[in-house]
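All of these numbers come straight from a predicted model, not from anything done at the bench. Every chain is numbered from 1, with letters handed out A, B, ... down the list of sequences.
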Amino acid sequence: MFRIPCPYCGLRNVSEFRHVGGRRARPDVRTATPAQWRAYLYEQDNIAGWSAESW
Amino acid sequence: MRRRRPATYSALGLVGRGLTHRDWPRAWRSHDLRDAYDVVVIGAGVHGLAAAYYLAANHGVRNVAVLDKGYLGGGGSGRNTAIIRSNYLTPEGVRFYDRSVRLYERLAAELNFNVMFSQRGHLTLAHNDGSLRTMRWRAEVNRLEGVQSEVIGPAEIARLVPFMDVSADTRYPILGALYHPPGGTVRHDAVNWGYARGADALGVQIHQNTEVVGIDVRDGRVRGVQTNRGYVSTPTVVSCTAGWSSLVAALAGVRLPVSTHPLQAAVTEPVKMFLETVVVSGTLHVYVSQTDRGELVFGASTDPYPSYSTRGSLEFTEELAGHVLELMPSIAKLRLLRQWAGLCDMTPDFSPIMGATPVEGFLVDGGWGTYGFKAGPVSGEAMAELVASGRTPELIAAFGLDRFAEGRLVGEKGAAAVGH
Ligand SMILES: Cc1cc2nc3c(=O)[nH]c(=O)nc-3n(C[C@H](O)[C@H](O)[C@H](O)COP(=O)(O)OP(=O)(O)OC[C@H]3O[C@@H](n4cnc5c(N)ncnc54)[C@H](O)[C@@H]3O)c2cc1C
C-alpha cells in the first residue's frame, strides 16, 4: 500500500484518503458561464505522467 | 502467401495441422501503410475492429485502416472479464446494450468464428434495502424495454448457486438479487480475432505496431494522421482508444470528460464445473464467473485513483479473497493463478461517449469504462452507420459528447459500478 504525507497527520496509508481529481482552478461562481462551469466539473487533463491531484 | 479469402477451419484440417503444426492459416494479413484511406480507425480493440468490420460489411466502405500502437486486442479488449448483459438502469442504456446482446447471439454465425457466447444467466446480489430498491427499479425498466430481468429471493438464489452462503447470519446477508437470464460470458479473444478476420477478408487493413502521434487538423477539419510509420491522409478518423482516448483526442484538440483508472482481475486454477451463473455483489465489490475451462474469474471495482499503470496490487487480491469467501466459503482452498490490470476510461455518468466532436471528421467511440466489451458489436454497427451516412443513429443519440455541456447525463452508476 502506498502512503501519502498528509500536512496535518503525517505519513498515512492511501486507504485513509479519497481521490477527488486533478487539481483545477475553480471558476468564479458569479461570472462563470454554464459552459465554463461544466468544463470545470467534468473535463480532466488525464495526462499519462506526473500531475497535481486533490486527495 | 497473401490470401484473399478468410482462413477456413475444419475438423479434418485441425487434426492434420495439430499433428504437423504446419500451414496454420493466418487470420489477417500485414500490409504496407498506404498514403491515404477513406477512414482511419485508431485502436484495434473490439470497438475499432467492429467499426471497421461493419463499415465494410454493411456499407461497402472498404478503404479502411485500423491502426494500433501495440498488438491487436492488447488493450481492454484482451484483458476484460467478458461479461455480457443488458440489465442497465436507463431506458437509453437498456435499449443500447440489448441490441448488443442480440448481435452477440448471432455473432458466431455472422463471422463464421466460434465466439463461445454462453448465456448462462447473470445475478446481481442485493445486501441492503438501497440496492434491493435499485434492483427493482432496473427490473421494471428492463421489463418495459422487453429485456428479461426479475428480482428473486434467497431461496431461488440458493437453487441457482448451491455454493453461495445465503444464510442470515453473515456480515452482509443476501436479501435478494436481480436475475437476468440472457446475460453471460463470451470468449473475448475470439470476438476480437473474429472481427479482425472478417474485416480483413472484406479488404480492411489492420496495422499493428502503428502509433498515431499526431492528428492533422486544419480549418476545423481532419486532414490526416501522423504515425510512427509515416503520414496518412484521410477525411475521417474514428478514435476507439478507450483508456488512452483523452490522450488521442487531445492530439485533435478535443477535451474529453474522461479519467483513466486501472481495473484489476484475477483467475484461479481450474476446477470441475460448479458455478453456472455470473454472480455480482456491489456491496462486497466483487464478481465471479466460471469459464468453460473451469477457472474462476474474479473482478472488482477500479483502483480508486487515476493511473495509466497496469500493475497488479496485493491490496486487490487480499480484498478480493476476503470478499469472495464471504459469498462462497467453500472455495477457500482454491489458488489464484494470475492477476492483471487494464485501463478504463471512466466518464462522470458511467455511460459511453459516441459520435461527433467539434472537429469535423474526428469521431470518438470511448468512455467505455469498465463495461465496454459487451458494447463492441452495437457501437461498431452504430459508428459505422454514422461514418457512412453522416447521421447519428437513434440508438446512440443520447450518448454524444455534447450531453455534458447540455446537462443531459445518462446516469448508469447504479448498474455499472461493480458489475461490468
Ligand atoms: C479487468 C477488466 C475487466 C473488464 N470486464 C468487462 C466485462 O466483464 N464486460 C465488459 O463489457 N467490459 C469489461 N471491461 C471493459 C472493456 O474491456 C473495455 O471497455 C473494452 O475492451 C474497450 O474496448 P476498446 O476497443 O474501446 O478499447 P481497447 O481494447 O482498450 O483498445 C484500445 C486500443 O487503442 C490503442 N491505442 C491507444 N492509443 C493509441 C495511439 N496513439 N495510436 C494507436 N493506437 C492506440 C491501444 O493500443 C489499444 O489496443 C473490463 C476491463 C478490464 C480492464
Report which part of [X] has an atom under 4.5 Å of a heavy atom belonging to chain A: side chain, backbone, both, or neither.
X      : result
B/P348 : side chain
B/L343 : neither
B/L314 : neither

- Given a strict heavy-atom distance threshold of 4.5 Å, which part of A/A48 is in contact with chain B: side chain, backbone, both, or neither? both
- Is it the side chain or the backbone of A/L41 that comes within 4.5 Å of chain B heavy atoms, both, or neither?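 It is neither, since no heavy atom gets under 4.5 Å.
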- Task: State which residues pass ring-ring contact (aromatic ring centres under 6.0 Å, His included) with B/F399; sequence neighbours excluded, sorted by chain then number.
- Result: B/F96
Donor-acceptor pairs between chain B and chain A under 3.5 Å, which ones?
{"unit_1": "B/S246", "atom_1": "OG", "unit_2": "A/N46", "atom_2": "ND2", "d": "2.6"}
{"unit_1": "B/R255", "atom_1": "NE", "unit_2": "A/E43", "atom_2": "OE1", "d": "2.9"}
{"unit_1": "B/R255", "atom_1": "NH1", "unit_2": "A/D45", "atom_2": "OD1", "d": "3.0"}
{"unit_1": "B/R255", "atom_1": "NH2", "unit_2": "A/D45", "atom_2": "OD1", "d": "3.3"}
{"unit_1": "B/V258", "atom_1": "O", "unit_2": "A/N46", "atom_2": "ND2", "d": "3.4"}
{"unit_1": "B/T260", "atom_1": "N", "unit_2": "A/N46", "atom_2": "OD1", "d": "2.9"}
{"unit_1": "B/T260", "atom_1": "OG1", "unit_2": "A/N46", "atom_2": "ND2", "d": "2.9"}
{"unit_1": "B/Y308", "atom_1": "OH", "unit_2": "A/N46", "atom_2": "O", "d": "2.6"}
{"unit_1": "B/Y308", "atom_1": "OH", "unit_2": "A/N46", "atom_2": "ND2", "d": "3.2"}
{"unit_1": "B/A405", "atom_1": "O", "unit_2": "A/R38", "atom_2": "NH1", "d": "2.6"}

